[in-house]
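Here the structure comes first, spelled out in structure tokens, and everything after it is commentary.
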2 protein chains.
Amino acid sequence: MAHDHSTLLEHIRQDMPTDELLQDLGDLFKIFGDTTRIKIMYALYEDEMCVCAIAELLGMTQSAISHQLKTLKSANLVASRRSGKTIYYHLSDEHVKSIIAQGYEHLTE
Amino acid sequence: MAHDHSTLLEHIRQDMPTDELLQDLGDLFKIFGDTTRIKIMYALYEDEMCVCAIAELLGMTQSAISHQLKTLKSANLVASRRSGKTIYYHLSDEHVKSIIAQGYEHLTE
DNA sequence: TGAACATATGAACAACTGTTCAAATGATAT
DNA sequence: ATATCATTTGAACAGTTGTTCATATGTTCA
């Protein structure tokens with residue numbers, strides 16, 4: 001760290017969001033950073049699904065799916081409605097789709 | 001997993017990307033899921049920077065930054081050029097900005 | 001009320017990740 | 001050559017994360 005960057009750094013610091021927001025951004029993307037959760041979000045792309053259907057689709061425990069849905073829900077990425085015994089989850093936000101779509105583009109071009 | 005979803009699942013399975021792609025998507029977002037890396041990418045938003053300037057900006061070890069730059073580089077999110085002793089990093093892709101921008105929107109509205 | 005179904009929850013364990021530290025590489029100038 | 005600066009690298013350690021298992025909650029129907 002020998003040569004001088006003071007002017008550059010001062011300029012950049014002004015354009016940077018707060019540490020808190022940057023932390024929140026990281027936390028948000030962390031949630032997209034898991035294959036199971038990505039699969040769940042993709043499954044809900046078109047329409048809502050109940051927990052046991054998602055579990056069957058992914059070939060995973062209903063408990064595992066439920067844990068992940070909780071994570072997704074607490075980040076406001078999915079929402080749910082109850083109908084009798086069954087609880088249906090759906091995407092709560094168009095951003096979910098556009099974030100995934102951007103990632104998809106980065107990979108496939 | 002008692003009630004029947006076979007028709008639903010068959011339909012959804014056709015619209016799902018391959019497991020490999022879904023895995024890659026998760027891996028990509030995993031890289032965005034860390035505050036240090038988010039900060040680095042934000043720092044490079046406008047212009048290239050050398051490693052020690054980034055370290056000074058974030059108040060972190062140059063070694064820690066270097067490790068993270070390696071991660072970012074291997075995912076083709078940043079690229080570098082050498083000029084004498086110094087190595088300058090820059091964003092390698094417009095997707096970086098749009099992915100972050102989408103996350104930002106999700107948080108701030 | 002009791003049985004069956006759908007989902008949620010908590011604790012525990014293995015696997016993964018980010019930082020640190022010490023040492024190595026690469027480039028420049030004297 | 002050697003000293004110095006900029007960066008990279010590898011091993012190690014602490015902290016975090018995802019799944020499993022067992023159990024609890026909530027709903028419906030007989």
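Chain letters run A, B, ... following the sequence lines, proteins first, then strands; residues in each count from 1. Here the structure is a predicted model, which means the values were calculated and not measured.
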Distance, rounded to the nearest Å, where [X] contributes [atom1] and [N] contributes [atom2]:
{"X": "B:E56", "N": "D:dC5", "atom1": "CD", "atom2": "C1'", "result": "15 Å"}
{"X": "A:Q62", "N": "D:dC21", "atom1": "CD", "atom2": "C1'", "result": "12 Å"}
{"X": "A:I65", "N": "D:dC21", "atom1": "CD1", "atom2": "P", "result": "15 Å"}
{"X": "A:D4", "N": "D:dA6", "atom1": "CG", "atom2": "P", "result": "11 Å"}
{"X": "A:L69", "N": "C:dT9", "atom1": "CG", "atom2": "C1'", "result": "14 Å"}
{"X": "B:H3", "N": "D:dT28", "atom1": "NE2", "atom2": "P", "result": "14 Å"}
{"X": "B:F32", "N": "C:dG18", "atom1": "CZ", "atom2": "P", "result": "14 Å"}

| query | Base, sugar-phosphate, or nothing: which does B:Y89 touch, judged by heavy atoms less than 4.0 Å apart? | reply | sugar-phosphate
| Contact pattern, 5' to 3', of nucleotides 13-19 of chain D - B, S or - by protein heavy atom under 4.0 Å | ----SSS
| request: Starting at the 5' end of nucleotides 23-30 of chain C, put B wherever the base has a protein heavy atom under 4.0 Å, S where only the sugar-phosphate does, and a dash everywhere else. | output: ---BBS--
| Reckon B:K70 has a side-chain N or O less than 4.0 Å from the OP1 or OP2 of D:dT9? | yes
| In chain order, what residues pass the salt bridge (charged side-chain N to carboxylate O under 4.0 Å, His left out) check against A:D47, with sequence neighbours excluded? | none
| task | List in chain and number order the residues that pass salt bridge (charged side-chain N to carboxylate O under 4.0 Å, His left out) with A:D15, two or more places apart in sequence or in another chain; answer none if no residue qualifies. | result | none
| If we only count heavy atoms from C-beta on, is the A:L44 to A:I54 side-chain gap below 4.5 Å? | yes
| query | What ring-ring contact (aromatic ring centres under 6.0 Å, His included) pairs are there with at least one residue in residues 18-60 of chain A, not counting sequence neighbours? | reply | A:F29-B:F32, A:F32-B:F29, A:Y42-A:Y45
| How would you list all residue pairs meeting ring-ring contact (aromatic ring centres under 6.0 Å, His included) that involve residues 80-103 of chain A, not counting sequence neighbours? | A:H95-B:H106
| remark: From the list B:I87, B:I40, B:L77, side-chain contact (heavy atoms from CB on, under 4.5 Å) with B:L69 holds only for B:I40
| Taking B:T108 for the side chain and B:Y104 for the main chain, is one N or O donor matched with an acceptor at less than 3.5 Å? | yes
| task | Using modelled atom types only, decide if a donor and an acceptor are shared between the side chain of A:R37 and the backbone of A:K30 within a distance under 3.5 Å. | result | yes
| Is a donor-acceptor contact shorter than 3.5 angstrom present between the side chain of B:T86 and the base of D:dC5? | no
| field | Between A:S98 and B:Q102: side-chain donor-acceptor atoms closer than 3.5 Å | value |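 Yes, a side-chain donor-acceptor pair sits under 3.5 Å.
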